[in-house]
Amino acid sequence: MATTTREFPKRFDFREAEPRIYARWIDAGAFRAARDPEGGVVDPARADARPFTIVIPPPNITGRLHMGHALNNTIQDVLIRYKRMDGHDALWVPGTDHAGIATQTVVKKQLDAEGIDYRQLGREATVERIWQWREQFGDQILSQLKKMGCSCDWDRTRFTMDEGLSRAVREAFVRLYEAGLVYRGKRIVNWCPVDRTALSDDEVEKDDERGKMYDIRYPFEDDPREYLVVSTTRPETLFGDVAVAVNPDDERYRKYVGRNVRLPLQGRIIPVIADEHADPELGTGCVKITPAHDPNDFEVGERHGLEPVDVMHEDATMSDVVPEQYRGLDRYACRKLALRELEEQGLLEAVRDHTMAIGRSYRSKVPIEFRLSDQWFVRMGPLAEQALSASGYVKRDGGWVREGEPGVRLHPSRFEKIYLHWLANIRDWCISRQIWWGHRIPAWYHRETGEILVDRDVPERVRAEPERWIQEQDVLDTWFSSWLWPMSTLGWPERTADYERYYPTQVLSTAKDIIFFWVARMNFAGLQFDGRLPYADVYVHSTITDERGITMSKSKGNGIDPLTLIEGATVEQLQQPVLEARPSNTKALLKQIEKRFPDGFDAVGADAMRWTLIYSINEGERVRLSLDRFTEGRNFVTKLWNGAGRVIQALEQEAARQDAAGVAPAEPGDKDRWLLARLDSTIRDCRRHLDGFDFGAMGQQLYHFVWNDFCSWALELSKTRFTSDDHAVRRGALRVMGSALADTLRLLHPVIPFVTEELWARLRPVMDGLGLWLDRQPAAELLVREAFPAPRRPAQPEVEERFAIVQRFVVAVRQLRATSNIKDNLKITVQVKPLHDAARPMLEQLHQAVCFLARLDAVEFVEQRSPGMAAQYDDAFELYIDLGKYLDLREEIARLDKEIGKLEGSLRQARAKLDNPGFVERAPAETVEEMRRRAGSAETQLAKLRATRGELAELAR
RNA sequence: AGGCGCGUAGCUCAGUGGGAGAGCGCUACCUUGACACGGUAGAGGUCGGCGGUUCGAAACCGCCCGCGCCUACCA
């Protein structure tokens, strides 16, 4: 075998390796599902395996990859790679969302910059421009996902406005319309005056803001000297008032009900009415009723049969129903003028500071207007009831009670309550948007009769007389296509081969802020159109925040760009987001960045990013991240790289030598059995954690295994055997370490796919060549296609216990060395008195390795401690070091005092329990026994320590 | 206002009834042959407070304090 030994680089060159490896996976078709969309076999080995499907939450085509995407897609990739390796037919469906308002805004700005008014350009041409934009930039975010290593089946990439998905949208709309679940109505909607469109409740961000409350006098019609004082925050809407309401139980005002008041500034006569809506506690207790501009007032108006008066245009300028001087004014200009005139007329009684929640458009950020308009709605009640039933709830006494098992499980489970609460209090969903980019509502109005036709395609009658009909101008809310996503991407409404095989899917991973926007609605759609829920489990990940716990956002400039991690950034690039956001502490932030990263930030690679994200996940509300944490993640990748490299180099050296070919490797010894037992435990734990969506716990397990068990102990202990002259011993160590490393790479692959694939490429051939696999030879050339490891044996606690003696022994020597400042390069001889049956055999068997780890010349076994020797006491052994030669007496006495102190504390605790009759009587026998053992052990060691201490103190005199 | 969650080492967080843990940071020492993106040893904690349940509470229950998130209302 003529393998030449190669250099092993100190660091994983991810810049070079990641693109190369990703291309290799694509070439190999490693991400493709076992069957193509028509049902043809792609991978015969898995063609009949159980499918495991995830559909990606489609990122907006306008989106740039942010940390939330990075986290969510890493989670999905971990799951899909795990299941793929574990024998499932794994399918991860990718795609993008057309993001109606967001995309139209981006292109509108582009047109603005070119001096083109999109309204003049017209609907068709503008939509054409948006399509062009999406062809050019719409897939950017998908290529960023590729950089992260996401293993989507790219041949199945979908777009919410592609032909199939558009058909699905029309189908869903028509079916709902025919079922009476879609209706058109005049309602108060959230209205964005900048984008001039309705917004759903979820698209409105509410925050407390400081404002004013105005008390305005409304004089009575029959006696202008008398008046009611009305409190309002929106004086400019008074032109739309149709009544003044007081609470029917409010003694102060009851007598005025039925009289009329004169509307200030306009003179219109309106009635004083009694309505529960008026809160006596609030303001003056009199409230103006403006049905066209307030949802509550709209209801009051309906109750009292009052006709709404709309006072604004769609851009929130005042309409012609207001007095002349106000017409065409912006709502806030109008407010200013109205207040001035009210004041001049002596009608403005008071102005008070007032904190109130102001709703703003999530997109344009301007305060929304409540606007009365014709909109399309989905009736949510019946859909929510289906979802509640599917979650195992039944309606009883007006409330919902859990009776059965949920059809979809939310993780963490606390989201179940939130989900239920939302379902039980659901409101109808306004689905029409007054923009051009999106699925145009498939409804046609007759120009004369107003008759409405709704159909999947242009109806026969419309085609016959096109001039008599006009199609609805509005498009559908973006989420109207998103809620069909798990179904439509797989072919619905056709029952395609894909749909039959891969729907329903298994897992949905998402951020919590879109549970209602999206997850709940997907459940509705699944139940309504297919009768099944679209997935079995929903994993809701925590919110990513910066190190201070503040949500990362563009407007705060505190985000970490995933591409910074993968590609690195200069100081200037790091500062860029802050400069764009310009928060109040801009200067301080810029300085801080300069101080912490004077030379910019070195890229850490996709693996380190993925590792850090997975490792940081916790069950709490948020995950705090900083650039430093990713550096720690990179350190882990480097640690694995170097540990693996040492094993691979040893294997390659073995392959290069001629003299040992064919020598049978020695059978695994205690140390080997320990490593394999630890590996088995780690595999078991990882599988359990993955199945339970406990990614953070999995990360902890993997970290500990790689860093401590594999590198610090197994590898250190193997070094002497790697260089042994005994062929069998050497090959025995290589066999175990090589095989354990292979399993470790398999175990880590879902989280850090690139570095493991790279190491696999170097490990597998040399292991094959040497024929040193502990069990079967791996079948796959690429790790991505390998099997996820399974434990070799049941748990073996006794194996781990035996090895722990050796670990404690090594640590004991190191402690004694440290207190006495014995340099590492000074090798010493220690004496041991074995107390446990396994102590002597273990230490003899691993003599060479233990000497290497503890920097010893030799370990001598003795019956007794000789006078003057320092000692370390353990339940399994006593360790002696010749004091005269090495030890600093005073430091050693101080150390003994500390040990004595610790043991005394421990003994006190144990004694206190044992002296408590209640404990001995009522605690389980094993617990009492364990406590006795502990007390005995502490007592024995304490006696030994005290004796030694006394002797040393004598000497020190 | 209601709901949900959190409070454990300087920082970020594990720990669901029986001897307080990890990583980072800190201190001291170490260029030893995979790794200084490393190694060894160490310092550091009335587990937010009070009460209860229990033989035994960081954990379970109640109240309080502090923090975060969500929902609704706020003329």
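Note on naming: letters A, B, ... go to the chains in the order of the sequence lines (proteins, then strands), and numbering restarts at 1 for each one. Quick caveat: nothing in here was measured; it's all calculated off a predicted structure.
A:Asn296 comes within contact range of the sugar-phosphate backbone alone, with a heavy-atom separation under 4.0 Å but no base atom that close. In this structure, A:Leu715 reaches the bases: a heavy-atom distance under 4.0 Å links it to at least one base atom across the strands shown. Heavy atoms of A:Lys898 sit under 4.0 angstrom from primed sugar atoms or phosphate atoms, though from no base atom. Residue contacts shown for A:Arg814 are limited to sugar-phosphate atoms, with no base heavy atom under 4.0 Å away. Among the heavy atoms of the strands lying under 4.0 Å from A:Arg11 is at least one base atom, whether or not backbone atoms are also near. Residue contacts for A:Phe8: at a heavy-atom cut-off of 4.0 Å it reaches no nucleic acid atom on any strand shown. A:Gln909 comes within 4.0 angstrom of the backbone, heavy atoms only, and of no base. Base engagement by A:Pro924 is indicated by at least one non-hydrogen atom pair under 4.0 Å involving a base atom.
OP1 or OP2 of B:G39 sits under 4.0 Å from a side-chain N or O of A:Lys639. Contact annotation: A:Asn642 side-chain N/O to B:G38 OP1/OP2 distance is not under 4.0 Å. Between A:Gln815 and the phosphate of B:G42, there is a side-chain N or O to OP1/OP2 separation shorter than 4.0 Å. Residue A:Arg414 has no polar side-chain atom (N or O) positioned under 4.0 Å from OP1 or OP2 of B:C4. Between A:Arg624 and B:U12 there is a side-chain N or O to OP1 or OP2 distance below 4.0 Å. Listed pair A:Trp707 / B:A34 fails the phosphate criterion, with no side-chain N or O lying under 4.0 Å from OP1 or OP2.
Heavy-atom distances to RNA chain B give each of A:Gly645 and A:Val920 a nearest nucleotide, and the one nearer the 5′ end belongs to A:Gly645. Looking at which nucleotide of RNA chain B each of A:Trp641 and A:Val810 is closest to, the 5′-most match is held by A:Trp641.
In a base pair of the Watson-Crick type (N1 to N3 plus N6-O4 or O6-N4) or a G-U wobble (N1-O2 and O6-N3), with each distance short of 3.5 Å, B:U27 is matched with B:A41. Here B:U71 sits opposite B:A1 as a Watson-Crick or G-U wobble pair (both hydrogen-bonding atom distances under 3.5 Å). With a cut-off of 3.5 Å on both pairing distances, B:A58 has no Watson-Crick or G-U wobble partner at all.
Between A:Phe516 and A:Trp422, the angle of the ring planes stays under 30°, which puts this pair in the parallel group of the 30/60° scheme.
There is no side-chain donor-acceptor pair under 3.5 Å between A:Thr927 and A:Lys913.
One donor-acceptor pair, N or O on each side, does fall under 3.5 Å between the base of B:A34 and the side chain of A:Glu716. Judged by distance alone with a 3.5 Å cut-off, a donor-acceptor contact links the side chain of A:Arg634 to the base of B:C37. One cannot find a donor-acceptor pair under 3.5 Å joining the base of B:A34 and the side-chain atoms of A:Lys10.
Between the P atoms of B:C50 and B:A59, the separation comes to 12 Å (whole Å). Here the separation of B:A58 from B:A20, taken at their P atoms, is 9 Å to the nearest Å. Nucleotides B:C29 and B:U12 have their C1' atoms positioned 28 Å apart, rounded to a whole Å. B:U54 sits 49 Å from B:G39 when the P atoms are compared, rounded to a whole Å. Atom C1' of B:A9 sits at a distance of 14 Å from the matching atom of B:G42, rounded to the whole Å.
Close placement of the A:Phe693 and A:His411 rings is indicated, their centers lying within 6.0 Å of each other. Between A:Tyr615 and A:Tyr703, the ring centre distance stays below 6.0 Å.
Here the closest non-hydrogen pair linking A:Ser724 and A:Arg730 is O-NH1, 3.1 Å.
Salt bridge annotation for A:Arg933-A:Asp875: present, with a cationic side-chain nitrogen under 4.0 angstrom from a carboxylate oxygen.
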